Amino acid sequence: MKLKQSDKKSQTLLPLLSKVVFVDWHGVLSDTPFWHSMRHKRLGPGFNFAEKISEELFVNRADLVADWMRGKASSDDVVTAMRNGLSQEGQVIEIDLLEKLKRDCKFMNYDRGLLGKLQTIRSSAYLTLATDNMDCFVEALPKRPSLYRHFDFVLSSSELGVLKKESVETFFGDWLHAHGLSYSQALLIDDRNDNCDAFRSAGGHATVYSGWESIRRDLTLFLNLD
């Protein structure tokens, strides 16, 4: 697969560049939550059920979600555990939550304007999606060629087994080494301060995202670095 760091053949088709920009997904390129199709107001009760799912997962099952993001639990594992938890509360579940999760991952909205602006850097830096994300997202991404083709590589915590802030070296280090780059030649765009702080501590550049203007200056300065 073109964008995976393990695909040596496809990497040889890319130009050899001296910089890389790592860009986050949720909070930067997209704010679309899982099971987003159930949140549409015209679906009525589905919105409330989606809120219940979020509470069961991200509040009651935070440890399970963390394992999901590290690839230690699959989407199937998570949905099964969540269904059991909701059923114990007396919630009747008639929806195929796993199928809806996978389908919704294929139709997540994203900031086309921002992604379009980031395409302009690809003649001087690799554009790499670097996301703390789940198996369902990684599996869905190649099924969206109009989105997928905008990145040179994809790094996901569910495949690397670690979140960005937990080990910058494990998350980014192997990729940088494989491409002959150092942290000083890398910029991370992320909405989380802790991720950016960890990346800077490793010697990289990082900018906290809150809109295009929040990163434009740092991105311009980084690309002009010697």
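Note that the coordinates shown come from a computational prediction; the quantities given were computed from them, not determined experimentally. Throughout, residue positions are numbered sequentially from 1 according to the sequence presented.
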Nearest-0.5 Å distance, [atom1] of residue [X] to [atom2] of residue [Y]:
| X | Y | atom1 | atom2 | value |
| --- | --- | --- | --- | --- |
| Met69 | Asp132 | CE | CG | 4.5 Å |
| Lys106 | Cys136 | NZ | SG | 12.0 Å |
| Leu101 | Cys105 | CG | SG | 4.5 Å |
| Met134 | Glu139 | CE | CD | 13.0 Å |
| Leu155 | Thr131 | CG | OG1 | 10.0 Å |
| Ile215 | Arg217 | CD1 | CZ | 13.5 Å |

Residue of the set Thr32, Asp31, Leu29 for which side-chain contact (heavy atoms from CB on, under 4.5 Å) holds with Met108: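 The passing option is Thr32.
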
Hydrophobic cluster identity match, Leu16 and Leu176, side-chain contacts under 4.5 Å: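 Yes, it is one cluster - the side chains of Leu16 and Leu176 are joined through contacts under 4.5 Å.
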
Connected via hydrophobic side-chain network under 4.5 Å: Phe172 and Val208: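 No.
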
Passing candidate, ring pair (Phe, Tyr, Trp, His ring centres under 6.0 Å) with Phe22, options Tyr126, Phe171, Trp175: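 Option passing the ring pair (Phe, Tyr, Trp, His ring centres under 6.0 Å) with Phe22: Trp175.
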
Should [X] and [Y] count as side-chain neighbours, where that means a heavy-atom distance under 4.5 Å?
| X | Y | result |
| --- | --- | --- |
| Asp24 | Ile189 | no |
| Trp68 | Ser158 | no |
| Lys19 | Phe222 | yes |
| Leu97 | Phe34 | no |
| Met38 | Ile53 | yes |
| Gln185 | Ser18 | yes |
| Ile95 | Trp35 | no |
| His150 | Tyr148 | no |

Under 3.5 Å, side chain of [X] to main-chain N/O of [Y], donor-acceptor pair present?
| X | Y | value |
| --- | --- | --- |
| Thr170 | Ser167 | no |
| Ser30 | His26 | no |
| His205 | Leu188 | no |
| Asp152 | Leu127 | yes |
| Trp25 | Asn133 | no |
| Asp104 | Ser37 | yes |
| Ser157 | Arg70 | no |
| Glu166 | Leu163 | yes |

How far apart are the closest heavy atoms of [X] and [Y], and which atoms are they?
| X | Y | result |
| --- | --- | --- |
| Leu64 | Ala81 | CD2-CB, 3.7 Å |
| Asp197 | Arg200 | OD1-NH1, 3.0 Å |
| Phe107 | Arg144 | C-NH1, 3.8 Å |

salt_bridge(Arg192, Asp190) N-O dist < 4.0 Å: no

Charged N-O contact under 4.0 Å between Glu213 and Arg216: yes

Criterion side-chain contact (heavy atoms from CB on, under 4.5 Å) on Leu57 and Val78, from CA distance to verdict: CA-CA 8 Å; Leu57 268 181; Val78 170; 3.4 Å; yes

Would you say the side chains of [X] and [Y] form a donor-acceptor pair under 3.5 Å?
| X | Y | value |
| --- | --- | --- |
| Ser74 | Asp135 | no |
| Asp77 | Thr80 | no |
| Ser156 | Glu159 | no |

By ring-ring contact (aromatic ring centres under 6.0 Å, His included) - contacts of Tyr209 (at least two apart):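 Checked Tyr209 against ring-ring contact (aromatic ring centres under 6.0 Å, His included); zero matches.
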
side-chain contact (heavy atoms from CB on, under 4.5 Å) evaluation trace for Thr207 with Leu219: CA-CA 8 Å; Thr207 182; Leu219 190 61; over 6 Å; no

Cation-pi geometry met for Arg61 and Phe58 (6.0 Å, 45°):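 Arg61 over Phe58 ring: no.
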
Output field: ring centroids Phe153/His179 closer than 6.0 Å: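 Close enough - the centres of the two rings lie under 6.0 Å apart.
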
Val23 and Thr128: CA distance, side-chain angles, deciding distance, side-chain contact (heavy atoms from CB on, under 4.5 Å) verdict: CA-CA 6 Å; Val23 59; Thr128 298; over 6 Å; no

